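As the structure is a computational prediction, the values presented were derived from the model and not from experiment.
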Amino acid sequence: MATTGFPPQPEQDGQPGKEYIMHPLPQSLNPDYKPSNKLLGKIALVTGGDSGIGRAVSYYFTLEGATVAFTYVKGQEDEDKDQTLKMICKLKVEGAKDPIAIPTDLSYEENCKRVVDEVIDVYGQIDILVNNAAQQYYTTNIEDVDENRLERLFRINVFSYFFLSRYALKYMKRGSCIINTASLVAYAGNSVLLDYSSTKGAIVAFTRSLSLQLIEKGIRVNAVAPGPVWTPLEAVSLPPHELAIFGSQVPMNRAAEPYEIAPAFVFLACNVCASYITGQVVHPNGGTIVNA
(Lines give C-alpha, C1' and ligand atoms only; values in the text may rest on other atoms or scores of the structure.)
Protein backbone atom coordinates (compact mmCIF):
# COMPACT_ATOMS: atom_id res chain seq x y z
CA MET A 1 0.00 0.00 0.00
CA ALA A 2 1.08 3.58 -0.61
CA THR A 3 2.33 5.77 2.20
CA THR A 4 2.15 9.46 2.96
CA GLY A 5 4.23 11.47 0.56
CA PHE A 6 6.18 10.71 -2.61
CA PRO A 7 9.54 11.82 -3.97
CA PRO A 8 9.91 14.35 -6.79
CA GLN A 9 8.95 12.77 -10.09
CA PRO A 10 10.71 12.73 -13.47
CA GLU A 11 9.76 15.76 -15.51
CA GLN A 12 6.99 15.07 -18.03
CA ASP A 13 6.08 16.94 -21.19
CA GLY A 14 2.50 17.78 -20.32
CA GLN A 15 -0.72 15.88 -19.75
CA PRO A 16 -1.84 13.15 -19.75
CA GLY A 17 0.91 11.79 -17.53
CA LYS A 18 3.00 8.70 -18.20
CA GLU A 19 2.84 5.92 -15.63
CA TYR A 20 5.87 3.90 -16.72
CA ILE A 21 8.34 6.61 -15.65
CA MET A 22 6.85 7.18 -12.18
CA HIS A 23 8.75 6.28 -9.03
CA PRO A 24 7.46 4.37 -7.22
CA LEU A 25 5.20 2.78 -9.79
CA PRO A 26 1.48 2.70 -8.97
CA GLN A 27 0.16 -0.76 -8.11
CA SER A 28 -2.77 -1.89 -10.24
CA LEU A 29 -3.32 -5.46 -9.03
CA ASN A 30 -3.75 -6.93 -5.56
CA PRO A 31 -2.35 -10.49 -5.62
CA ASP A 32 -4.83 -11.49 -2.91
CA TYR A 33 -7.91 -10.53 -4.96
CA LYS A 34 -10.16 -13.50 -5.73
CA PRO A 35 -12.37 -13.04 -8.80
CA SER A 36 -15.70 -14.82 -9.14
CA ASN A 37 -16.97 -14.20 -12.70
CA LYS A 38 -19.04 -11.20 -11.65
CA LEU A 39 -18.87 -9.66 -15.13
CA LEU A 40 -18.69 -12.75 -17.31
CA GLY A 41 -19.82 -12.02 -20.87
CA LYS A 42 -19.97 -8.25 -20.41
CA ILE A 43 -18.43 -5.70 -22.78
CA ALA A 44 -16.91 -2.73 -20.96
CA LEU A 45 -15.60 0.57 -22.32
CA VAL A 46 -13.17 2.34 -19.98
CA THR A 47 -11.87 5.80 -20.85
CA GLY A 48 -8.33 6.57 -19.78
CA GLY A 49 -7.79 2.86 -19.25
CA ASP A 50 -4.10 2.82 -20.06
CA SER A 51 -2.92 3.94 -16.60
CA GLY A 52 -3.93 4.96 -13.09
CA ILE A 53 -7.41 4.08 -11.88
CA GLY A 54 -8.52 3.28 -15.43
CA ARG A 55 -5.81 0.65 -15.78
CA ALA A 56 -6.74 -0.97 -12.48
CA VAL A 57 -10.44 -1.00 -13.44
CA SER A 58 -9.57 -2.58 -16.79
CA TYR A 59 -7.57 -5.30 -15.01
CA TYR A 60 -10.26 -6.07 -12.46
CA PHE A 61 -13.05 -6.10 -15.03
CA THR A 62 -10.95 -8.54 -17.07
CA LEU A 63 -10.37 -10.75 -14.03
CA GLU A 64 -14.13 -10.84 -13.52
CA GLY A 65 -14.75 -12.07 -17.06
CA ALA A 66 -15.48 -8.88 -18.98
CA THR A 67 -14.11 -7.97 -22.38
CA VAL A 68 -12.47 -4.55 -22.13
CA ALA A 69 -12.01 -1.73 -24.62
CA PHE A 70 -10.16 1.32 -23.34
CA THR A 71 -9.11 4.70 -24.66
CA TYR A 72 -5.74 6.41 -24.52
CA VAL A 73 -3.97 9.42 -26.05
CA LYS A 74 -1.83 8.40 -29.02
CA GLY A 75 1.80 9.47 -28.83
CA GLN A 76 1.56 10.44 -25.17
CA GLU A 77 0.43 7.15 -23.67
CA ASP A 78 1.61 4.53 -26.15
CA GLU A 79 3.94 2.67 -23.78
CA ASP A 80 1.40 2.60 -20.95
CA LYS A 81 -1.19 1.38 -23.44
CA ASP A 82 1.05 -1.45 -24.59
CA GLN A 83 1.74 -2.57 -21.02
CA THR A 84 -1.96 -2.51 -20.19
CA LEU A 85 -2.96 -4.50 -23.26
CA LYS A 86 -0.30 -7.09 -22.51
CA MET A 87 -1.54 -7.57 -18.96
CA ILE A 88 -5.22 -7.70 -19.96
CA CYS A 89 -4.42 -10.43 -22.46
CA LYS A 90 -2.65 -12.33 -19.70
CA LEU A 91 -5.58 -11.94 -17.29
CA LYS A 92 -8.34 -12.68 -19.82
CA VAL A 93 -10.64 -15.52 -18.86
CA GLU A 94 -11.79 -18.26 -21.19
CA GLY A 95 -14.62 -17.06 -23.40
CA ALA A 96 -13.76 -13.37 -23.20
CA LYS A 97 -12.83 -11.59 -26.43
CA ASP A 98 -9.54 -9.89 -27.14
CA PRO A 99 -9.25 -6.36 -25.69
CA ILE A 100 -8.80 -3.28 -27.83
CA ALA A 101 -7.16 0.09 -27.17
CA ILE A 102 -8.62 3.10 -28.97
CA PRO A 103 -6.50 6.24 -29.50
CA THR A 104 -8.50 9.45 -29.24
CA ASP A 105 -8.89 12.94 -27.85
CA LEU A 106 -12.14 12.81 -25.92
CA SER A 107 -12.47 16.61 -25.86
CA TYR A 108 -14.70 16.54 -28.91
CA GLU A 109 -18.11 15.02 -29.52
CA GLU A 110 -17.22 13.43 -32.84
CA ASN A 111 -14.35 11.54 -31.23
CA CYS A 112 -16.60 10.23 -28.48
CA LYS A 113 -19.04 8.99 -31.11
CA ARG A 114 -16.21 7.36 -33.04
CA VAL A 115 -15.04 5.49 -29.92
CA VAL A 116 -18.51 4.08 -29.31
CA ASP A 117 -18.89 3.18 -32.98
CA GLU A 118 -15.59 1.27 -32.91
CA VAL A 119 -16.59 -0.71 -29.83
CA ILE A 120 -19.90 -1.61 -31.47
CA ASP A 121 -18.18 -2.55 -34.74
CA VAL A 122 -15.84 -4.92 -32.88
CA TYR A 123 -18.10 -6.36 -30.18
CA GLY A 124 -21.68 -5.48 -31.14
CA GLN A 125 -22.65 -4.28 -27.67
CA ILE A 126 -21.72 -2.14 -24.67
CA ASP A 127 -22.83 -3.28 -21.24
CA ILE A 128 -20.65 -1.10 -18.99
CA LEU A 129 -19.37 2.41 -19.64
CA VAL A 130 -16.73 3.78 -17.28
CA ASN A 131 -16.20 7.51 -17.76
CA ASN A 132 -12.80 8.01 -16.17
CA ALA A 133 -10.45 10.08 -18.34
CA ALA A 134 -9.39 13.34 -16.68
CA GLN A 135 -6.83 16.08 -16.41
CA GLN A 136 -5.99 18.38 -13.52
CA TYR A 137 -3.88 21.47 -12.99
CA TYR A 138 -2.24 22.88 -9.88
CA THR A 139 -3.12 26.47 -9.12
CA THR A 140 -3.10 28.67 -6.03
CA ASN A 141 -4.94 31.62 -7.58
CA ILE A 142 -8.19 31.83 -9.52
CA GLU A 143 -6.55 34.46 -11.73
CA ASP A 144 -4.37 31.69 -13.17
CA VAL A 145 -7.40 29.87 -14.57
CA ASP A 146 -7.92 31.32 -18.03
CA GLU A 147 -10.69 30.55 -20.49
CA ASN A 148 -8.67 28.15 -22.63
CA ARG A 149 -7.58 26.01 -19.69
CA LEU A 150 -11.05 25.97 -18.15
CA GLU A 151 -12.65 24.93 -21.43
CA ARG A 152 -10.02 22.23 -22.00
CA LEU A 153 -10.54 20.82 -18.52
CA PHE A 154 -14.33 20.74 -18.77
CA ARG A 155 -14.15 19.21 -22.24
CA ILE A 156 -12.07 16.28 -21.00
CA ASN A 157 -13.54 15.88 -17.52
CA VAL A 158 -17.22 16.64 -18.15
CA PHE A 159 -18.12 17.00 -21.83
CA SER A 160 -16.72 13.56 -22.66
CA TYR A 161 -18.90 12.01 -19.96
CA PHE A 162 -21.99 13.54 -21.56
CA PHE A 163 -21.07 12.60 -25.13
CA LEU A 164 -19.89 9.05 -24.43
CA SER A 165 -23.01 8.36 -22.37
CA ARG A 166 -25.20 9.85 -25.07
CA TYR A 167 -23.84 7.59 -27.80
CA ALA A 168 -23.29 4.46 -25.71
CA LEU A 169 -26.87 4.55 -24.45
CA LYS A 170 -28.12 3.87 -27.96
CA TYR A 171 -26.71 0.35 -27.58
CA MET A 172 -27.23 -0.28 -23.87
CA LYS A 173 -29.97 -2.62 -22.78
CA ARG A 174 -31.76 -3.11 -19.48
CA GLY A 175 -29.18 -4.24 -16.94
CA SER A 176 -26.40 -2.11 -18.40
CA CYS A 177 -24.68 0.55 -16.33
CA ILE A 178 -22.61 3.72 -16.40
CA ILE A 179 -19.98 4.45 -13.76
CA ASN A 180 -18.39 7.88 -13.53
CA THR A 181 -15.14 8.76 -11.75
CA ALA A 182 -15.76 11.67 -9.39
CA SER A 183 -13.46 12.65 -6.51
CA LEU A 184 -13.34 13.51 -2.83
CA VAL A 185 -12.61 17.10 -3.88
CA ALA A 186 -16.15 17.36 -5.27
CA TYR A 187 -17.31 17.27 -1.65
CA ALA A 188 -14.40 18.65 0.37
CA GLY A 189 -12.98 21.09 -2.18
CA ASN A 190 -9.28 21.71 -2.71
CA SER A 191 -7.67 25.13 -2.72
CA VAL A 192 -4.98 24.20 -5.25
CA LEU A 193 -7.25 22.20 -7.60
CA LEU A 194 -9.96 24.79 -8.13
CA ASP A 195 -11.01 24.06 -11.69
CA TYR A 196 -10.50 20.29 -11.34
CA SER A 197 -12.68 20.24 -8.21
CA SER A 198 -15.36 22.12 -10.12
CA THR A 199 -15.43 19.49 -12.86
CA LYS A 200 -15.76 16.72 -10.30
CA GLY A 201 -18.70 18.47 -8.66
CA ALA A 202 -20.34 18.61 -12.07
CA ILE A 203 -19.80 14.87 -12.47
CA VAL A 204 -21.65 14.16 -9.22
CA ALA A 205 -24.64 16.22 -10.40
CA PHE A 206 -24.49 14.56 -13.82
CA THR A 207 -24.50 11.11 -12.20
CA ARG A 208 -27.51 11.84 -10.03
CA SER A 209 -29.53 13.47 -12.79
CA LEU A 210 -28.80 10.88 -15.47
CA SER A 211 -29.64 8.07 -13.06
CA LEU A 212 -33.13 9.51 -12.61
CA GLN A 213 -33.55 9.83 -16.37
CA LEU A 214 -32.62 6.18 -16.98
CA ILE A 215 -34.38 4.40 -14.12
CA GLU A 216 -37.34 3.41 -16.28
CA LYS A 217 -34.95 1.91 -18.85
CA GLY A 218 -33.35 -0.31 -16.23
CA ILE A 219 -29.91 1.27 -16.68
CA ARG A 220 -28.04 2.18 -13.51
CA VAL A 221 -25.77 5.25 -13.21
CA ASN A 222 -23.38 5.62 -10.28
CA ALA A 223 -20.03 7.15 -9.45
CA VAL A 224 -16.88 6.45 -7.47
CA ALA A 225 -15.27 9.37 -5.60
CA PRO A 226 -11.73 8.36 -4.62
CA GLY A 227 -9.59 10.22 -2.15
CA PRO A 228 -5.88 10.68 -2.89
CA VAL A 229 -4.62 7.95 -5.23
CA TRP A 230 -1.11 7.50 -6.61
CA THR A 231 -1.57 7.91 -10.38
CA PRO A 232 0.06 9.77 -13.29
CA LEU A 233 -2.43 12.58 -12.73
CA GLU A 234 -0.65 13.50 -9.51
CA ALA A 235 2.86 12.87 -10.81
CA VAL A 236 2.40 15.22 -13.76
CA SER A 237 0.44 18.01 -12.05
CA LEU A 238 1.62 18.41 -8.45
CA PRO A 239 4.83 20.23 -7.46
CA PRO A 240 7.40 18.45 -5.24
CA HIS A 241 6.24 20.10 -2.01
CA GLU A 242 2.69 18.81 -2.61
CA LEU A 243 3.90 15.34 -3.56
CA ALA A 244 5.88 15.21 -0.29
CA ILE A 245 2.64 15.40 1.74
CA PHE A 246 0.30 13.70 -0.72
CA GLY A 247 -2.11 11.44 1.17
CA SER A 248 -1.78 13.24 4.51
CA GLN A 249 -5.12 15.01 4.07
CA VAL A 250 -7.22 11.93 4.87
CA PRO A 251 -7.63 10.08 8.20
CA MET A 252 -5.72 7.02 7.00
CA ASN A 253 -2.79 9.36 6.42
CA ARG A 254 -1.76 7.83 3.11
CA ALA A 255 -2.63 7.73 -0.54
CA ALA A 256 -4.35 4.69 -2.05
CA GLU A 257 -2.97 2.46 -4.74
CA PRO A 258 -5.18 2.13 -7.84
CA TYR A 259 -5.97 -1.50 -6.94
CA GLU A 260 -7.70 -0.27 -3.78
CA ILE A 261 -10.15 1.77 -5.86
CA ALA A 262 -10.96 -0.67 -8.69
CA PRO A 263 -13.13 -3.09 -6.64
CA ALA A 264 -15.65 -0.28 -6.09
CA PHE A 265 -16.16 -0.18 -9.86
CA VAL A 266 -16.55 -3.96 -9.96
CA PHE A 267 -19.21 -3.78 -7.25
CA LEU A 268 -21.19 -1.09 -9.07
CA ALA A 269 -20.87 -2.87 -12.42
CA CYS A 270 -22.14 -6.19 -11.09
CA ASN A 271 -25.94 -6.57 -11.23
CA VAL A 272 -25.84 -9.35 -8.66
CA CYS A 273 -24.16 -7.00 -6.17
CA ALA A 274 -25.58 -3.57 -7.01
CA SER A 275 -28.96 -4.08 -8.68
CA TYR A 276 -30.67 -1.77 -6.17
CA ILE A 277 -28.08 1.00 -6.39
CA THR A 278 -28.35 3.95 -8.78
CA GLY A 279 -27.67 7.66 -8.50
CA GLN A 280 -25.17 6.97 -5.73
CA VAL A 281 -21.50 7.65 -5.09
CA VAL A 282 -19.12 5.16 -3.49
CA HIS A 283 -16.37 6.82 -1.41
CA PRO A 284 -13.07 4.89 -1.19
CA ASN A 285 -11.35 7.93 0.28
CA GLY A 286 -9.21 6.85 3.23
CA GLY A 287 -11.75 7.64 5.93
CA THR A 288 -12.94 11.15 5.12
CA ILE A 289 -16.61 11.50 6.08
CA VAL A 290 -18.71 13.38 3.54
CA ASN A 291 -22.34 14.26 4.21
CA ALA A 292 -23.74 14.77 0.76
Side-chain angles (χ1 to χ4, degrees), residues 2-19 21-24 26 48 51-54 73 76-77 105-107 131-161 180-206 223-258 261 281 283-292:
T3 58
T4 301
F6 295 88
Q9 296 298 297
E11 187 173 346
Q12 301 202 35
D13 56 352
Q15 298 196 39
K18 302 177 179 69
E19 182 163 318
I21 65 173
M22 292 172 63
H23 176 73
S51 62
I53 293 173
V73 176
Q76 191 77 1
E77 299 178 314
D105 178 356
L106 293 172
S107 303
N131 287 310
N132 169 73
Q135 292 186 5
Q136 74 176 21
Y137 298 94
Y138 179 86
T139 182
T140 58
N141 193 325
I142 191 173
E143 294 180 0
D144 296 332
V145 184
D146 61 24
E147 182 177 354
N148 288 336
R149 190 177 98 175
L150 191 63
E151 180 179 351
R152 175 67 178 171
L153 205 63
F154 268 83
R155 280 190 171 276
I156 292 290
N157 295 15
V158 180
F159 287 20
S160 71
Y161 287 39
N180 301 316
T181 302
S183 172
L184 172 60
V185 299
Y187 299 87
N190 190 304
S191 63
V192 298
L193 298 174
L194 176 61
D195 40 0
Y196 175 80
S197 300
S198 301
T199 66
K200 292 301 178 176
I203 289 166
V204 172
F206 171 68
V224 178
V229 189
W230 185 230
T231 74
L233 202 61
E234 282 63 51
V236 75
S237 65
L238 297 182
H241 69 275
E242 291 286 349
L243 290 174
I245 60 171
F246 185 65
S248 64
Q249 63 268 51
V250 298
M252 284 190 179
N253 197 37
R254 66 174 181 85
E257 294 288 359
I261 309 302
V281 182
H283 297 273
N285 63 23
T288 301
I289 297 172
V290 294
N291 295 307

Colleague: Under 4.5 Å between any side-chain heavy atoms of Gln136 and Leu238, yes or no?
Modeller: yes
Colleague: Give me the atom names and distance for the closest heavy-atom approach of Asn132 to Thr181.
Modeller: OD1-OG1, 3.0 Å
Colleague: Would Gln76 and Asp13 count as a side-chain contact (heavy atoms from CB on, under 4.5 Å) here? Give the steps.
Modeller: CA-CA 9 Å; Gln76 191 77 1; Asp13 56 352; 3.3 Å; yes
Colleague: Rounded to the nearest 0.5 Å, what separates atom CG in Asn285 from atom CD1 in Ile261?
Modeller: 8.5 Å
Colleague: Do the non-hydrogen side-chain atoms of Pro24 and Phe6 ever get within less than 4.5 Å of each other?
Modeller: yes
Colleague: Locate the shortest heavy-atom distance separating Tyr161 from Ile203; write the atom from each residue and the value.
Modeller: CE2-CD1, 3.5 Å
Colleague: Is the shortest heavy-atom distance from the side chain of Leu243 to the side chain of Pro8 under 4.5 Å?
Modeller: no
Colleague: Can you name the closest pair of heavy atoms from Thr139 and Asn141 and give their distance?
Modeller: OG1-O, 3.0 Å
Colleague: Please check: side-chain N/O of Glu234 versus main-chain N/O of Pro232, any donor-acceptor pairing under 3.5 Å?
Modeller: no
Colleague: Among all residues two or more places apart in sequence or in another chain, which pass the salt bridge (charged side-chain N to carboxylate O under 4.0 Å, His left out) test with Asp105?
Modeller: Arg152
Colleague: Check the pair Gln15, Ile156 against side-chain contact (heavy atoms from CB on, under 4.5 Å), reporting the backbone distance first and the verdict last.
Modeller: CA-CA 11 Å; Gln15 298 196 39; Ile156 292 290; over 6 Å; no
Colleague: Measure across Pro228 and Gly247 and return the closest heavy-atom pair with its distance rounded to 0.1 Å.
Modeller: CG-CA, 3.9 Å
Colleague: If every non-hydrogen atom of Leu106 is compared with every non-hydrogen atom of Ser160, which pair is closest and at what distance?
Modeller: O-CB, 3.4 Å
Colleague: How far apart are the closest heavy atoms of Tyr196 and Leu233, and which atoms are they?
Modeller: OH-CD2, 3.9 Å
Colleague: Report the C-alpha distance between Ile245 and Glu242 in whole Å, list the side-chain angles of each, state the deciding distance to 0.1 Å, and finish with yes or no for side-chain contact (heavy atoms from CB on, under 4.5 Å).
Modeller: CA-CA 6 Å; Ile245 60 171; Glu242 291 286 349; 4.2 Å; yes
Colleague: May I ask you to decide if Gln9's main-chain N or O and Glu11's side chain share a donor-acceptor pair within less than 3.5 Å?
Modeller: no
Colleague: Show, in sequence, the C-alpha distance, side-chain angles and deciding distance for Tyr187 and His283, and conclude whether the side-chain contact (heavy atoms from CB on, under 4.5 Å) test is met.
Modeller: CA-CA 10 Å; Tyr187 299 87; His283 297 273; 3.4 Å; yes
Colleague: Answer yes or no: are there more than 12 heavy-atom neighbours, outside His241 itself, under 6.0 Å from its atom NE2?
Modeller: yes
Colleague: Return the orientation label for the Phe246 and Trp230 ring planes: parallel under 30°, perpendicular over 60°, tilted otherwise.
Modeller: tilted
Colleague: Only counting residues at least two apart or in another chain, list the ones meeting side chain to side chain donor-acceptor pair (under 3.5 Å) with Ser183.
Modeller: none
